[in-house]
Structures are given as C-alpha cells and as structure tokens.
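Below is one structure; the comments refer to it alone.
Lettering of chains follows the sequences in order, A, B, ..., and the numbering in each one begins at 1. Note: hydrogens, waters and symmetry copies are ignored here, and every other heavy atom, side chains too, is used.
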Amino acid sequence: MTPHLLASSTTPLSFSLPSFPSQRTHYIPSHVYKHPTAILLELCTSMKELQQFLPLIIKNGLYKEHLFQTKLISLFCKFGSLTDAVKVFELVEDKVDPMYHTMLKGHVHHSSLASALWFYSGMISDGVLPVVYNFSYLLKSCADNFNVKAGKMIHGQLIVNGFSRNVFAMTSVVHMYAKCGVIEDAYKMFERMPERDLVCWNTVMAGYAQNGMLNRGMELFLQMQEVEGHRPDEVTVVSILPACANFGSLKMGMSIHGYVTKSGLESFVNVETALVDMYAKCGQVGTARLVFDRMTCKTVVSWNTMIDGYAQSGNSEEALKLFDGMLDEKLRPSNVTVMAALTACADLGDLHRGQEIHALINQLELGSAVSVINSLISMLRTKWACDQSFESLL
DNA sequence: TTAGGGTTAG
C-alpha cells in the first residue's frame with residue numbers, strides 16, 4: 001500500500017459517485033473543454049455550489065475525464081474538504097501527475113506538515129516527478145512549523161530534482177532557513193543564487209530584521225538599491241518597519257519613512273499602518289496619530305494599531321476615545337481591538353467600561369479566543385488588585 | 001495542478 005492510501009479517511013463522502021474507470025489515453029475530448037459544466041466549475045466559489053454541480057458531472061459522464069477528476073480534487077481541497085479530495089483521488093485508477101500535485105497542495109493547506117511529507121514520499125514512490133510548486137508549498141509549511149530538520153530534507157530533494165538554480169524554489173529555501181532562525185544558512189543560500197530579484201532580497205532582509213539583526217537588515221535595504229539597483233517596494237518597508245518598532249529604533253524608522261515619502265509608497269494602507277506602529281512603539285505617539293489621521297483609507301488593523309499604541313503608552317483615555325470612534329464608523333472590532341481596549345480599561349481601573357466591552361465581546365462572539373479571555377481576566381484582576389490596595393489604605 | 005517575500009496582540 002502506498003503511503004497516500006494510508007492517509008485516507010473512513011468518513012463517508014458528502015456525495016456519491018460511480019467508480020472512476022481507468023482512462024488509458026491522456027486525450028481529452030474537445031467537448032469537455034467546451035462543456036458548460038467546465039465553465040461552471042471554474043466559477044464555483046463554495047462547497048455548496050460545487051455540490052449543486054456534481055449531478056451534472058455525473059449525468060454527463062464527465063467524471064471519467066482526467067480534467068474533471070483533477071478539477072474536483074482541486075475544488076474539494078480549495079473548499080477545505082481534504083477528505084472528499086482524498087476519496088476522489090483514490091477512486092481514480094490511472095492518476096495523472098497534476099492530481100498528485102493538487103493533493104500535495106491540499107495536504108499542506110488543510111492538514112499537517114507530517115501528512116504533506118507522507119504524501120510527498122508516496123508521490124515519489126509512485127514515480128511522479130515533482131514540480132517546483134511542490135517545493136514552494138512544502139518549504140512554506142516547514143517554515144510555518146519552524147521545522148528546520150524537515151526543511152533541510154526538502155532542500156535536499158529540491159537539489160536532487162534540479163531546482164537549485166530556480167529563483168522561486170531558492171527564495172522558499174532562504175525564507176525557510178530565515179524563519180527557522182538559521183539566518184547564516186539563509187544568507188549562504190541567498191549568496192549562491194545565480195539570479196536575485198527584489199523578492200529574494202526582501203526575504204533575506206526581513207530574515208535579518210526578524211532575527212534581531214536590524215543593522216544588517218538596514219545594510220541590505222541600502223545594498224539592494226546601491227549594488228543591484230532594486231527599488232524597495234511596499235513589502236520591503238512593511239518587512240523592516242516592525243523591526244524598527246520592536247527595537248525602538250526611531251532613527252532607522254524615520255529614515256524608512258523618508259524613503260516611503262520619496263517613493264510614493266504612502267498610498268499603501270499597510271505601509272501607513274506599519275509607520276503608525278513604528279512611531280507609537282518608538283515613543284512618538286503624537287506623530288503616530290498624525291500619520292493615522294492623514295491616512296486616506298484605514299483598515300481595522302490601522303485602528304487596532306493606533307488604539308493599542310495609545311493603550312501601551314499609557315494614553316488609556318485616548319485609546320478608549322478612539323475605540324468609540326471606531327464603533328461610530330460602524331467598523332467591526334476584531335480580537336486585537338477588544339484586547340487593546342481592555343488593556344486601557346485595566347490601566348484606568350474602569351470596571352464599568354470593561355463590562356461594556358465584555359458585553360460587546362459576547363455580542364460579536366469574540367469570547368472563544370484564548371487571547372481575548374486572557375485580556376478579560378487580566379482586566380478583572382487589575383481592577384481587583386486596585387480595589388485591594390485601596391481597601392488596605394483605609 | 002499554476003509558485004517565492006510583508007502590517008496590529010500574545
């Protein structure tokens with residue numbers, strides 16, 4: 001039994017299909033491409049819609065075609081039902097490579113790194129040639145799981161399969177090492193790349209910044225422009241500004257702000273939000289507010305950043321005023337918003353306001369998040385501690 | 001099948 005078969009679930013399908021017959025030839029009749037069902041599937045945006053189209057696929061015998069089999073696998077994965085995708089995959093007798101590639105993507109996105117690695121090994125033992133996308137997905141999963149051991153193994157597979165000069169694959173390798181904290185290896189791989197575009201420069205620069213080497217990150221910010229003539233984009237500045245914020249480096253943050261103004265990157269809402277965060281964390285909450293007020297478009301993240309900027313810098317009254325302003329704008333608060341507002345209530349010892357926010361949390365069904373519950377407990381504990389110290393004075 | 005980098009809290 002191949003490993004991917006072991007990954008199957010015993011859960012019944014949410015629909016019933018006849019067994020897929022073996023398709024000896026890779027020829028796909030032109031009527032399949034012209035069939036309206038193919039177009040309907042392309043336009044499918046939900047599991048509900050897909051289930052409505054399934055009878056059409058069965059009625060027209062389209063389930064016999066590789067094109068539709070692969071599309072079904074892809075759509076089940078897209079809508080999060082890996083179980084159904086696995087069932088379809090297993091029913092096909094003569095699988096084609098794209099089916100394996102789609103299933104691997106599904107495992108990465110809707111299961112665990114372990115199951116994706118298991119599926120990959122099954123794919124190789126079935127004689128399927130990996131494509132560069134496979135490595136991008138697998139390395140991203142290793143990075144997200146901080147699993148450098150698995151990352152190294154995939155890096156080895158990538159070399160064996162001839163992708164060590166591919167800019168997409170190698171950027172994923174650099175990202176994986178950097179995210180796992182092995183920045184020296186990330187840089188070694190970056191140096192060996194025959195072609196380095198803005199994305200891989202951004203990746204290695206963000207790697208240094210996020211691993212606490214802000215000066216080196218800043219050096220690369222300048223080097224990418226001076227040595228290779230790349231123009232840092234919105235991703236570059238959004239990658240380095242949080243490091244300036246977290247290290248309280250106002251000087252570097254202001255220098256990035258200068259670049260933002262010069263390059264016309266202010267139109268990006270995430271750039272402006274990162275600037276608000278940087279100023280607030282560097283102790284310049286007034287400047288943060290100026291940047292915030294000048295934003296032509298604000299997202300919930302922008303509001304959260306400013307509210308929390310006030311709350312963390314002891315401007316709790318302002319934080320709550322801005323929180324009210326956000327509600328007046330009819331914006332839906334997120335977990336981060338209510339956590340920031342609760343921090344402000346705790347600082348003020350304002351139990352009444354805290355209870356109002358608690359009611360809002362219940363109304364918006366935000367109370368299941370552990371982080372929100374922790375903030376609520378923290379607010380109540382602070383109030384209790386205030387009352388205790390007050391009583392002890394009496 | 002159709003790819004790689006980025007913002008708020010903890």
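There is no path of hydrophobic side-chain contacts, each under 4.5 Å, that joins A:Phe292 to A:Leu290.
Regarding A:Asn161, its CG atom lies at a distance of 16 Å from the C1' atom of B:dA3, rounded to whole Å. Whole-Å rounding puts the A:Glu195 CD to B:dG4 P distance at 16 Å. Summarising the geometry, the separation between CE on A:Met326 and P on B:dT8 is reported as 16 Å, rounded to the nearest angstrom.
Interface residues of residues 245-280 of chain A facing DNA chain B, ordered by number: A:Asn270, A:Thr273, A:Asp277; criterion, heavy-atom separation under 4.0 Å. Within a heavy-atom distance below 4.0 Å of DNA chain B, the residues of residues 225-239 of chain A found are A:Asp233, A:Glu234, A:Val235, A:Val238, A:Ser239. For residues 129-156 of chain A, proximity to DNA chain B is found at A:Val132, A:Tyr133, A:Ser136, A:Tyr137, A:Lys140, defined as any non-hydrogen atom under 4.0 angstrom from a strand atom. Remark: A:Val301, A:Asn304, A:Thr305, A:Asp308, A:Gln312 in residues 294-322 of chain A come within less than 4.0 Å of DNA chain B through at least one heavy atom. Within a heavy-atom distance below 4.0 Å of DNA chain B, the residues of residues 164-175 of chain A found are A:Val167, A:Phe168, A:Thr171, A:Ser172, A:His175.
Taking the centre and axis of the six-membered ring of A:Phe89, the NZ or CZ atom of A:Lys95 falls inside the cone set by 45° and 6.0 Å.
Residue A:Thr70 places its side chain closer to B:dT1 than to any other of B:dT8, B:dT1, B:dG4. The side chain of A:Ser74 has B:dT1 as its nearest neighbour among B:dT1, B:dT8, B:dT7.
The aromatic ring centroids of A:His155 and A:Phe135 lie 6.0 Å or more from each other.
Look at A:Lys281 and you'll find a side-chain N or O under 4.0 angstrom from OP1 or OP2 of B:dA9.
Considering only residues two or more places apart in sequence or on other chains, A:Asp308 meets the salt bridge (Lys or Arg N to Asp or Glu O under 4.0 Å) condition with none of them.
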